[in-house]
Amino acid sequence: MGMTSGEIKVAVKELGMPQFTASQLVKWLYHQHVGSIDDMTNISKQNRERLKEHFMVGIMPPIDCQRSQDGTVKYLFPVRCNESVSADDGPPKYVETVFIPDGERGTLCVSCQVGCKMNCLFCQTGKQGWEGDLTAADILNQIYALPEREMLTNIVFMGQGEPMDNLDNVLRATEILTSDDGYAWSPKRITVSSVGIKGKLKRFLDESQCHVAISMHTPLHEQRLQLMPAERQMTIAEVVTLLKQYDFTHQRRCSFEYICFGGLNDSLAHGREILRLVDGLECRVNLIRFHEIPGVSLPGADILQMERLRDFLTARGVFTTIRASRGQDIFAACGLLSTAKKQQGL
């Protein structure tokens, strides 16, 4: 798992197997989702034994889960991380993955790093620090080993970590997800988020057709700098200037994530600055109600003020929604479960 079809073809050739074995492997992996090489029954037993000498499927089921009253499920997955990170004998590493059912839709929020370097003030994951990049296999395993896998309609890279800070593995995972030889998903079913990383965001926009979601949270430079240290490296104005070089008038979508903090960034003055900032860019804004989490003193949002901000932006041509809060009783948006496992030393 995590190998592209081209890499599987090379591996099969190096083991002296018929080339059609590569196609068989790809189908067993990304179409049938087998748990072991022994399950690949149309490959000869001799070749299966040879494969097992060098490879394993790589599936790792979740070791814990929490279920919300609204149906949201948060899973805890063990991860290997890049070899350079996991080569020591340190404690095991974990990430959280959240499955969000909504009628006929099933959204999976996947992680791409253990912890995060961005250290946003309002984010529990950032308080863990950064412990490693997930491999493409680690990322795909969150889908592959998900009990609700067959219910998925879309995936969002909005879990733990900054996708642009682990761009090679994120691109590899999305390549396998969208390749005809992989999962064969439309890239329009995948959204990748970012705070904005200079150089990396441009590369993602050039090399991928997946949707992009930018974590804005305020249009004001000084205020965003206080909330999000990444503003120092690439300002929100620079991010928007870059986005305006790309076409989002067709199927590919550009959106801005905007957590509302009561009395801090939810005024109509902020709304006017948002309009000025995104003028000329086809985009949407998703307002997110902030719910207080342990160790964070930021104020919770007022829903009436959020509705005023939504209506203000929408009436002026920027389609804006208030995202429904899900999984509040299990802190679905936080890194609490993985932090607890780390502290327990499991």
Side-chain angles (χ1 to χ4, degrees), residues 74-82 84-86 90-98 108-142 155-174 191-201 203-204 210 212-218 224-236 239 256-259 261 288 290-298 327 331-343:
K74 180 164 68 173
Y75 289 102
L76 189 70
F77 281 98
V79 294
R80 300 182 183 90
C81 290
N82 289 337
S84 60
V85 177
S86 60
K93 296 179 174 63
Y94 306 94
V95 294
E96 295 173 17
T97 306
V98 180
L108 188 67
C109 182
V110 301
S111 296
C112 64
Q113 292 180 312
V114 180
C116 185
K117 299 176 187 176
M118 300 302 109
N119 198 26
C120 296
L121 184 61
F122 48 83
C123 179
Q124 185 72 30
T125 302
K127 301 183 188 319
Q128 297 179 10
W130 176 82
E131 297 185 57
D133 289 335
L134 269 59
T135 64
D138 286 326
I139 295 171
L140 291 171
N141 185 68
Q142 297 168 70
I155 293 169
V156 294
F157 282 74
M158 296 182 183
Q160 293 173 264
E162 163 57 47
M164 301 303 138
D165 195 41
N166 186 20
L167 185 56
D168 287 340
N169 287 310
V170 168
L171 286 174
R172 173 184 286 262
T174 56
T191 300
V192 180
S193 69
S194 179
V195 299
I197 304 292
K198 193 168 290 186
K200 299 292 185 68
L201 180 58
R203 184 181 158 205
F204 169 78
C210 295
V212 61
I214 299 298
S215 298
M216 179 188 292
H217 309 310
T218 176
R224 193 170 188 261
L225 189 60
Q226 293 174 357
L227 293 172
M228 305 169 64
E231 172 76 4
R232 183 176 291 107
Q233 197 261 350
M234 188 177 191
T235 68
I236 189 62
V239 170
F256 292 95
E257 306 301 297
Y258 197 98
I259 297 176
F261 307 103
I288 304 165
F290 181 70
H291 297 277
E292 296 181 18
I293 59 175
V296 177
S297 59
L298 291 166
F331 293 100
C334 305
L336 298 181
L337 187 56
S338 56
T339 299
K341 290 298 182 191
K342 177 184 175 183
Q343 292 172 345

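For Ser215, the side chain to side chain donor-acceptor pair (under 3.5 Å) test picks out no residue, with sequence neighbours left out. In this structure Phe204 satisfies the ring-ring contact (aromatic ring centres under 6.0 Å, His included) test with no other residue, sequence neighbours excluded. Not counting sequence neighbours, the partners of Glu162 by the side chain to side chain donor-acceptor pair (under 3.5 Å) test are Ser194.
Shortest non-hydrogen contact noted between Val239 and Val195 is CG2-O, 4.3 Å. The two residues Gly161 and Gln113 have their closest heavy-atom pair at CA-OE1, 3.4 Å. Across all non-hydrogen atoms, the minimal contact from Ala136 to Ala173 is CB-N, 4.2 Å. Here the shortest heavy-atom pairing between Ile236 and Thr218 reads CG2-O, 4.4 Å. In terms of heavy-atom proximity, Val114 sits nearest to Cys81 at CG2-SG, 3.6 Å. Cys112 and Val170 make their closest contact through CB-CG2, 4.0 Å (heavy atoms, listed as atom of the first residue, atom of the second, distance).
Under a 3.5 Å cut-off, the side chain of Ser193 and the backbone N or O of Phe157 do form a donor-acceptor pair. Listed for the Asn169 side chain is a donor-acceptor partner under 3.5 Å among the backbone atoms of Leu134. Judged by distance alone, the side chain of Asp138 and the main-chain N or O of Thr135 form a donor-acceptor pair under 3.5 Å. Panel note: side chain Gln142, backbone Ser111; a donor-acceptor pair is recorded below 3.5 Å.
You'll find the side chain of Leu167 stays beyond 4.5 Å of the side chain of Ile197, heavy atoms only.
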Derivation and outcome, side chain to side chain contact (heavy atoms under 4.5 Å, CB included), residues Val192 and Met164: CA-CA 9 Å; Val192 180; Met164 301 303 138; 3.7 Å; yes

Derivation of the side chain to side chain contact (heavy atoms under 4.5 Å, CB included) call for Ile214 and Leu201: CA-CA 10 Å; Ile214 299 298; Leu201 180 58; 4.1 Å; yes

Verdict with supporting geometry, Arg203 and Asp168, salt bridge (Lys or Arg N to Asp or Glu O under 4.0 Å): CA-CA 10 Å; Arg203 184 181 158 205; Asp168 287 340; 2.8 Å; yes

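When ring centroids are compared, Phe122 and Phe261 come within the 6.0 Å threshold.
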